[in-house]
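Residues: numbered from 1 along the sequence shown.
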Amino acid sequence: MNLWQDGIVALLAAVGLASIIWTVVRAIVFAGPERRREIGFLLPAQGDGEHLEEQLGSLQALRQEYGAFGRALLVDCGLTEKGRALAEALVRKHRWAALCGRDEIGEYL
């Protein structure tokens with residue numbers, strides 16, 4: 001019985017140590033807000049914007065968990081009226097995203 005207890009304690013210690021190391025590595029690799037502001041993400045939007053909401057949701061998860069980028073640009077690459085309305089609604093919902101035309105990308109970067 002003592003062998004099982006030692007094994008469980010060793011397993012928990014290994015998991016705890018791995019968690020601490022991962023936290024330190026993540027803090028170093030995905031450093032601070034200065035880096036976040038520098039990096040942008042371009043997302044081409046076209047048609048009715050069928051997958052825009054899903055894509056922005058995935059980007060928001062990356063942004064919150066890893067601080068991977070600062071701003072997402074939805075680039076209008078032929079949106080319909082319905083797609084443009086959806087994109088504008090998503091931009092209002094996600095303040096870190098912006099909608100622009102192809103010729104306006106330089107103003108945001």
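Arg95 is linked by a side chain to side chain contact (heavy atoms under 4.5 Å, CB included) to nothing, counting only residues two or more places apart in sequence or in another chain. When the side-chain hydrogen bond (donor to acceptor under 3.5 Å, both in side chains) test is applied to Ser58, no partner is found at least two apart in sequence or on another chain. With sequence neighbours excluded, the residues that form a side chain to side chain contact (heavy atoms under 4.5 Å, CB included) with Leu17 are Ile21. Evaluation of the side chain to side chain contact (heavy atoms under 4.5 Å, CB included) rule for Ala45 yields Leu52, Leu79 as partners, not counting sequence neighbours. Among residues two or more places apart in sequence or in another chain, the side chain to side chain contact (heavy atoms under 4.5 Å, CB included) test is passed with Glu50 by Asp48.
Within 6.0 Å of atom CD in Glu53, 12 or fewer heavy atoms from other residues, nucleotides or ligands are found, so the atom counts as exposed in its surroundings.
Annotation for Val9: hydrophobic cluster partners, listed by chain and number, are none (ILVMFWY side-chain heavy atoms under 4.5 Å, direct or chained).
Here the shortest heavy-atom pairing between Gln46 and Cys77 reads CB-O, 3.4 Å. The two residues Leu86 and Gly49 make their nearest non-hydrogen contact at CD2-O, 3.1 Å. Ala98 approaches Val91 most closely through the heavy-atom pair C-CG2, 3.9 Å.
Going from atom CG of Leu62 over to atom CD of Gln60 covers 10.5 Å, rounded to the nearest 0.5 Å. Between the CG atom in Asp6 and the CG atom in Leu3 there is a gap of 6.5 Å [rounded to 0.5 Å].
Residue pairs meeting the salt bridge (charged side-chain N to carboxylate O under 4.0 Å, His left out) criterion with at least one partner in residues 80-92, sequence neighbours excluded, are Asp76-Arg84, Arg84-Glu88.
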For this session: Go through the steps for Trp96 and Leu59 under the test side-chain contact (heavy atoms from CB on, under 4.5 Å), then give the verdict.
Result: CA-CA 10 Å; Trp96 49 270; Leu59 290 175; 4.0 Å; yes

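Results of the side chain to side chain contact (heavy atoms under 4.5 Å, CB included) test with Leu43 over Val75, Leu99, Leu74 single out Leu74 as the only residue that passes.
Counting only distance, with no hydrogens or angles, the side chain of Glu54 and the backbone of His51 share no donor-acceptor pair below 3.5 Å.
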